[in-house]
Amino acid sequence: MIRGQGIGAWALAASLAAGLAGAQETPDGPVGQAPQEAEPERPEVAAIADVGGVLTRDGALVVEPSIQLSNSQVNRFTFLGVEILETFLIGVLEAEDVDRDVISPALEFRYGVTDRFELGLEVPWVYREERRVARIPNVDTGEGSAPITQELDGDGLGDVSVSAHWQINRGDRDGPFWVANLRYKSTTGEGPFDIDYDDAAIEQELATGSGFEAVEPSITVLGTSDPLVLYANLGYLFNLEDDVNRTLGSGDQARRIGRVDPGDAVRTSFGLSVALNPNSSLSFGYKHDFIRETVTEINGTDFRSETLDVGALLIGYSHSLGPRLGAGVSLEIGATADAPDISVTFRLPYTFGP
């Protein structure tokens, strides 16, 4: 039973052992009677969430509380001016150190409409904290000016999302399983243009949501090679443009924000999971998001951002604590400059019903 990828958060790990062990048991029935063809055993991939996993069985409800902790540290040395020669600069040099922390508990619900179709709902809460320290060196003396420190935070409801996952094929022992996924992300969180700004158009708090609706279709493929589960996922994130229609700052610092078209993203991930024993599994993977440029209308002029590459290494572990309760932890290590340095997610799914 396989669950596919959604927006945002990654996660996948395998509890394949139960399926493989069950497939090796002696079939019940009278001796000499031809066994009836059974539904192929489907690999259970559950430790790295939202990349591929276990579809909830028919009539069952899974309630999964989780908490994600992430940290990013950015050190930049920026030159604003004109470069006359390679070693001779005219302008302003700025050194900036940014430390970002995010804590995001969430509650996810998954319901099995049939054995091959699942609906999901995720409700996150977000707390963000950011500390920026900037220093402008004196070009004449080589000494730095007094550092400028800004500390911001923000907390509240994040962007609620709903999802649907459908296992396309019946699958067999020699072929992979294919799962089609569709996820919609709302704007229930406070977006970057909903927060407070001062007269100089500088933000005074941090957003808890993206501020834009998004739709993400994706396809997940899983194959087994005892005792491994191999997976891959490919999706496209459509961020829907919107007319912000808000003025930030005042006087000479006023910035009128018109239409904003957030960059779409091509998302891919792949990896493997291995059963350690009948109750535990370990998974390894990699994910990469290629984010296209964002177009923002400011004072009637369109400004385009740079494209981004966000890649991360994934490690997950899952353990069965009983027939209905499981536990999992996943680690994400940034592999590109635009990715968070590290992110850890703890999950505790519980199954109600059959």
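Values in this document were obtained by computation on a predicted structure and should not be read as measured data.
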Pairwise ring-ring contact (aromatic ring centres under 6.0 Å, His included) hits with a residue in residues 234-259, at least two apart | Y236-F238
In terms of heavy-atom contacts, does CG of D252 have more than 12 from other residues, nucleotides or ligands at under 6.0 Å?
-> no
Determine, using the 4.5 Å side-chain heavy-atom cutoff (strictly less than), whether L313 and L308 are members of one ILVMFWY cluster.
-> no
Heavy-atom pair of closest approach, residues S104 and P124 = OG-CB, 4.2 Å
How would you list, by chain and number, every residue that makes a salt bridge (Lys or Arg N to Asp or Glu O under 4.0 Å) with E306, sequence neighbours excluded?
-> none
Any chance you could measure L152, atom CG, to E129, atom CD, to the nearest 0.5 Å?
-> 10.0 Å
Expected output: side-chain Q204 to main-chain I202 donor-acceptor under 3.5 Å | yes
Between T220 and Y231, a side-chain donor and acceptor under 3.5 Å = no
Qualifying residues under salt bridge (Lys or Arg N to Asp or Glu O under 4.0 Å), relative to R131, sequence neighbours excluded = E151
Would you confirm whether K185, through its side chain, and F212, through its main-chain N or O, come within 3.5 Å as a donor-acceptor pair?
-> yes
Where the side chain of R304 meets the backbone of V295, is there a donor-acceptor pair that is under 3.5 Å apart?
-> no
Is T188 reaching over with its side chain to a backbone N or O of G158, donor-acceptor style, under 3.5 angstrom?
-> yes
Where do S269 and K287 come nearest, in terms of heavy atoms and distance?
-> CB-CB, 3.8 Å
Report yes or no: does R292 contribute a side-chain atom to a donor-acceptor pair with the main-chain N or O of F290 at less than 3.5 Å?
-> no
Taking the inter-plane angle between the rings of Y286 and H288 on a 0 to 90° scale, is it parallel (under 30°), tilted (30 to 60°) or perpendicular (over 60°)?
-> tilted
Would you check if the side chain of D242 reaches a backbone N or O of P262 as a donor-acceptor pair within less than 3.5 Å?
-> no
Step by step, would you call E203 with R128 a salt bridge (Lys or Arg N to Asp or Glu O under 4.0 Å)?
-> CA-CA 14 Å; E203 59 186 352; R128 297 179 58 198; over 6 Å; no
Shared hydrophobic cluster for I291 and V215 (ILVMFWY, side-chain gaps under 4.5 Å) = no
Is the shortest heavy-atom distance from the side chain of I257 to the side chain of T296 under 4.5 Å?
-> yes
Got a second to check how far E130's CD is from D153's CG, nearest 0.5 Å?
-> 10.5 Å
Pairwise side-chain contact, V102 with Q68, heavy-atom cut-off 4.5 Å (strictly under) | no
Of all heavy-atom pairs between T336 and V310, which one has the smallest distance, and what is that distance?
-> OG1-CA, 3.4 Å
Value rounded to 0.5 Å, distance of CD in E297 from CG in D302 | 6.0 Å
Between T345 and S330, is there a donor-acceptor pair closer than 3.5 Å when you use the side chain of the first and the backbone of the second?
-> no
Within a strict 4.5 Å, meaning less than it, do heavy atoms of the S163 and H165 side chains meet?
-> yes
Value rounded to 0.5 Å, distance of CD in E213 from CG in D159 | 10.0 Å
Criterion side chain to side chain contact (heavy atoms under 4.5 Å, CB included) on V160 and L121, from CA distance to verdict = CA-CA 8 Å; V160 175; L121 171 69; 3.7 Å; yes
Salt bridge (Lys or Arg N to Asp or Glu O under 4.0 Å) with R256: which residues, sequence neighbours excluded?
-> none
With a 3.5 Å cut-off and no angle check, do the side chains of D261 and N239 form a donor-acceptor pair?
-> no
Quick one: closest heavy-atom pair of A339 and G311, and the distance?
-> CB-O, 3.4 Å
In short, D196 meets R246 closest at the heavy-atom pair CA-NH2, 4.4 Å
Run the numbers on D155 and W125 for side chain to side chain contact (heavy atoms under 4.5 Å, CB included), then give the verdict.
-> CA-CA 8 Å; D155 64 276; W125 183 270; 3.8 Å; yes
Any W166 side-chain heavy atom under 4.5 Å of I168 side chain | yes
For the pair S72 (side chain) and D99 (backbone), establish whether a donor and an acceptor sit closer than 3.5 Å, ignoring hydrogens and angles.
-> no
Is a side-chain donor or acceptor of T294 paired with a backbone partner of G263 at a separation under 3.5 angstrom?
-> yes
CG/D264 to CG/L240 distance, rounded to the nearest 0.5 angstrom?
-> 8.5 Å
Partners passing side-chain contact (heavy atoms from CB on, under 4.5 Å) against E190 (at least two apart in sequence or in another chain) | D194, I195, E205, T208
Any donor-acceptor N/O pair, D198 side chain to A200 backbone, under 3.5 Å | yes
If every non-hydrogen atom of V62 is compared with every non-hydrogen atom of P349, which pair is closest and at what distance?
-> CG1-CB, 4.0 Å
Looking at residues at least two apart in the chain, or sitting in another chain, which of them share a salt bridge (Lys or Arg N to Asp or Glu O under 4.0 Å) with E241?
-> R259
Any side-chain donor paired with an acceptor under 3.5 Å for N279 and H319?
-> no
Any side-chain heavy atom of N233 within less than 4.5 Å of one from N181?
-> yes
Answer yes or no: is there a side-chain heavy-atom contact under 4.5 Å between L69 and I103?
-> yes
Heavy-atom distance under 4.5 Å between the side chains of F284 and L272, does that happen here?
-> yes
